[in-house]
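As the structure lists them, so they are numbered: ligands from 1, and atoms in each ligand from 1. Numbering starts at 1 and runs along the sequence shown. Because the structure is a prediction, the values reported are computed rather than measured.
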Amino acid sequence: MEKLCKYGTNRVITPKGVLPQAATKINNDMNIFDNELLIDVITLNIDSASFTQIKNACNNDVDLMEEMILSIVKEKGKMQNPVTGSGGMLIGKVKQVGSLFPDQTLKVGEKIATLVSLSLTPLVINKINSINITNDQVNIVGTAVLFETGIFARIPKDMDEHLVLAALDVAGAPAQVDKLVKEGDTVAIIGAAGKSGVLCAYQAMEKATSSGKVIGVVNEESQIQDLKDLDLCDLVVLADATNAIDVYDKVIKANNGPVDVTINVVNVPNTEMSCILITKDTGVVYFFSMATSFTKAALGAEGVGSDVTMIIGNGYTKGHAELTINLVNSVPKIKLLFEKKYT
Ligand code: NAP
């Protein structure tokens, strides 16, 4: 009998020897191995960098977007955007629990959200019911497989499942802010008006306290007022994150110097240098954006003689789902914002 791999390498078709995330094609046969979980999928939350790329490539045409999503999954056996390399997450109902899957308390029919990327999740889409062009969510009829090491969260019974999906999609970001920001820090959030932007801004304000400062960078005039109304930043700066000099001039002026921590939560490429230039040499840049280029960040920092510490935005950090669900539930202004957009 084939030896089971807890990371799902049994399902890698090409190239051999890599793990499912790096594979170009995986086996999406829905007859599960004993150490896997089978899920009836309700909704995919495509990550924002991927969804934006698909939306732009299809000129906002939902029919074309549907075709593109179906063809990616057909070709790769998973929803991994070939340009951004990224995925997203899903919610669904447990359909079958393999006899060696670690959590045997899961019941058939129970609603869960996967906390591993769609870019490694075997997926079959039978039908796309609808694409919500404003919030990155795609309602489908389909099935998916979670590997032995695949983490998941049960959907709280008292919360809307689409809201939970939206929040958990970016749970790593506020949870990392919680670890990175200290009392008295100055923090810049690039893309502060977005989904992870508001969660990170809230968490940064909590951690930096009134002795620190949180500066939001947004690219639309209306977002300045939105963030002020929500009281989520001490200062909001209007600048295009792809224009490093513009961001540098405005943030340095607003803060009277560089910041201690920068959080990048935009959904477009070419924003690495904005973050590096506005951050102290001794500071930290946290690149959560999936449109981040390692080469641009590493060589760009070297090129301007910056010794800044740069962190790759791991989507997972211990306690991330609990922190994020608790944040959304306990902060009425954020809950309201999420309800408006995702339910
Ligand atoms: P989101 O809600 O779409 O927010 C992105 C924000 O960036 C929006 O407010 C957007 O403004 C802003 N923005 C876009 N272009 C900009 C520019 N040139 N200058 C300034 N701001 C700009 O996205 P999200 O769901 O929070 O996700 C944020 C990022 O995290 C994405 O790249 C996503 O793929 C990534 N992500 C990473 C992980 C991980 O594991 N690391 C997991 C999930 C998601 P407009 O709306 O005006 O364009």
Side-chain angles (χ1 to χ4, degrees), residues 21 44-56 60 79-81 83-90 113-120 132-137 151 165-177 188-203 215-224 226-227 230 232-233 236-244 246-248 250-251 262-275 278 286-294 311-317 320-321 324 328 334 337-338 340-342:
Q21 206 282 336
L44 307 175
N45 187 122
I46 313 269
D47 81 276
S48 182
S50 169
F51 196 78
T52 304
Q53 191 280 326
I54 293 171
K55 204 158 71 171
N56 292 342
N60 289 344
M79 181 53 218
Q80 182 175 33
N81 183 312
V83 177
T84 63
S86 57
M89 280 179 41
L90 64 82
T114 58
L115 296 173
V116 292
S117 176
L118 290 178
S119 66
L120 58 87
N132 188 329
I133 199 140
T134 62
N135 72 13
D136 312 348
Q137 295 197 356
I151 46 176
L165 176 63
L168 290 180
D169 172 47
V170 294
Q176 281 290 0
V177 169
I189 315 271
I190 314 292
K195 181 167 72 172
S196 30
V198 294
L199 296 172
C200 289
Y202 178 84
Q203 203 58 34
I215 303 166
V217 176
V218 298
N219 64 338
E220 299 255 358
E221 186 109 39
S222 61
Q223 294 167 343
I224 299 180
D226 292 347
L227 284 177
L230 287 164
L232 284 178
C233 296
V236 185
V237 166
L238 181 66
D240 174 0
T242 64
N243 184 336
D246 189 37
V247 173
Y248 174 76
K250 289 176 178 163
V251 172
T262 296
I263 310 292
N264 183 325
V265 276
V266 297
N267 52 3
V268 292
N270 298 318
T271 61
E272 294 81 2
M273 288 315 293
S274 294
C275 303
I278 61 169
Y286 177 62
F287 284 113
F288 191 70
S289 165
M290 280 293 164
T292 306
S293 153
F294 177 85
I311 301 181
I312 292 177
N314 184 346
Y316 171 67
T317 184
H320 69 329
T324 303
V328 174
I334 292 191
L337 189 77
F338 270 63
K340 270 194 200 148
K341 195 157 181 202
Y342 301 104

Closest protein heavy atom to [atom], given as residue, atom name and distance to 0.1 Å:
{"atom": "atom 27 (O) of ligand 1", "answer": "Ser196 OG, 3.5 Å"}
{"atom": "atom 7 (O) of ligand 1", "answer": "Val266 CA, 3.4 Å"}
{"atom": "atom 34 (O) of ligand 1", "answer": "Asp47 OD2, 2.5 Å"}
{"atom": "atom 20 (C) of ligand 1", "answer": "Asn219 CB, 3.5 Å"}
{"atom": "atom 14 (C) of ligand 1", "answer": "Asn267 OD1, 3.1 Å"}
{"atom": "atom 25 (O) of ligand 1", "answer": "Lys195 CE, 3.4 Å"}
{"atom": "atom 4 (O) of ligand 1", "answer": "Gly194 CA, 3.3 Å"}
{"atom": "atom 5 (C) of ligand 1", "answer": "Val265 O, 3.5 Å"}

Could you tell me how the ring of His320 sits relative to the ring of Tyr316: parallel (under 30°), tilted (30 to 60°) or perpendicular (over 60°)?
perpendicular
Number the atoms of ligand 1 from 1 as they appear, then name those within less than 4.0 Å of a heavy atom of [X], with their elements.
{"X": "Gly315", "answer": "39 (C), 40 (O)"}
{"X": "Asp169", "answer": "42 (C), 43 (C)"}
{"X": "Asp240", "answer": "17 (C), 18 (N), 19 (N)"}
{"X": "Ala241", "answer": "17 (C), 18 (N), 19 (N), 20 (C)"}
{"X": "Gly191", "answer": "6 (C), 7 (O)"}
{"X": "Gln223", "answer": "11 (O), 45 (P), 46 (O), 47 (O)"}
{"X": "Gly313", "answer": "39 (C), 40 (O), 41 (N)"}
{"X": "Ser289", "answer": "29 (C), 30 (O), 32 (O)"}

Measuring from atom [atom1] of [X] to atom [atom2] of [Y], what distance do you get when rounded to the nearest 0.5 angstrom?
{"X": "Cys233", "Y": "Ile224", "atom1": "SG", "atom2": "CD1", "answer": "11.0 Å"}
{"X": "Asp47", "Y": "Met79", "atom1": "CG", "atom2": "CE", "answer": "8.5 Å"}
{"X": "Asn81", "Y": "Gln53", "atom1": "CG", "atom2": "CD", "answer": "4.5 Å"}
{"X": "Ile190", "Y": "Phe288", "atom1": "CD1", "atom2": "CZ", "answer": "15.5 Å"}
{"X": "Ile263", "Y": "Leu199", "atom1": "CD1", "atom2": "CG", "answer": "12.5 Å"}

What do the steps show when you test Met273 against Tyr248 for side chain to side chain contact (heavy atoms under 4.5 Å, CB included), and what is the final call?
CA-CA 9 Å; Met273 288 315 293; Tyr248 174 76; over 6 Å; no
I'd like the name of whichever of Phe288, Tyr286, Phe287 reaches closest to atom 35 (C) of ligand 1 through any heavy atom.
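It is Phe288 that holds the nearest heavy atom.
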Whether the side chain of [X] engages the backbone of [Y] through a donor-acceptor N/O pair (distance < 3.5 Å, no angle test) should be reported.
{"X": "Glu272", "Y": "Ser293", "answer": "yes"}
{"X": "Ser274", "Y": "Ala241", "answer": "yes"}
{"X": "Gln203", "Y": "Ala175", "answer": "no"}

Compute the minimum heavy-atom distance from Val217 to ligand 1 and say whether it is under 4.0 Å.
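So Val217 does not count as touching ligand 1.
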Decide whether the shortest distance between a heavy atom of Ala193 and an atom of ligand 1 is less than 4.0 Å.
yes
Which segment of Glu220 sits under 4.0 Å of ligand 1 when only heavy atoms are counted
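Contact part for Glu220 vs ligand 1: side chain (C-beta onward).
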Hey, does Ala49 come in under 3.5 Å of ligand 1, counting only N/O atoms on both sides?
yes
Picking from Thr292, Asn264, Thr242, Asn243, what satisfies side-chain hydrogen bond (donor to acceptor under 3.5 Å, both in side chains) with Thr271?
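Among the candidates, only Asn264 passes.
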From CA spacing to verdict: side chain to side chain contact (heavy atoms under 4.5 Å, CB included), Leu165, Leu44
CA-CA 8 Å; Leu165 176 63; Leu44 307 175; over 6 Å; no
Identify the residue among Thr262, Ile278, Val237 that makes a side-chain contact (heavy atoms from CB on, under 4.5 Å) with Ile215.
Val237
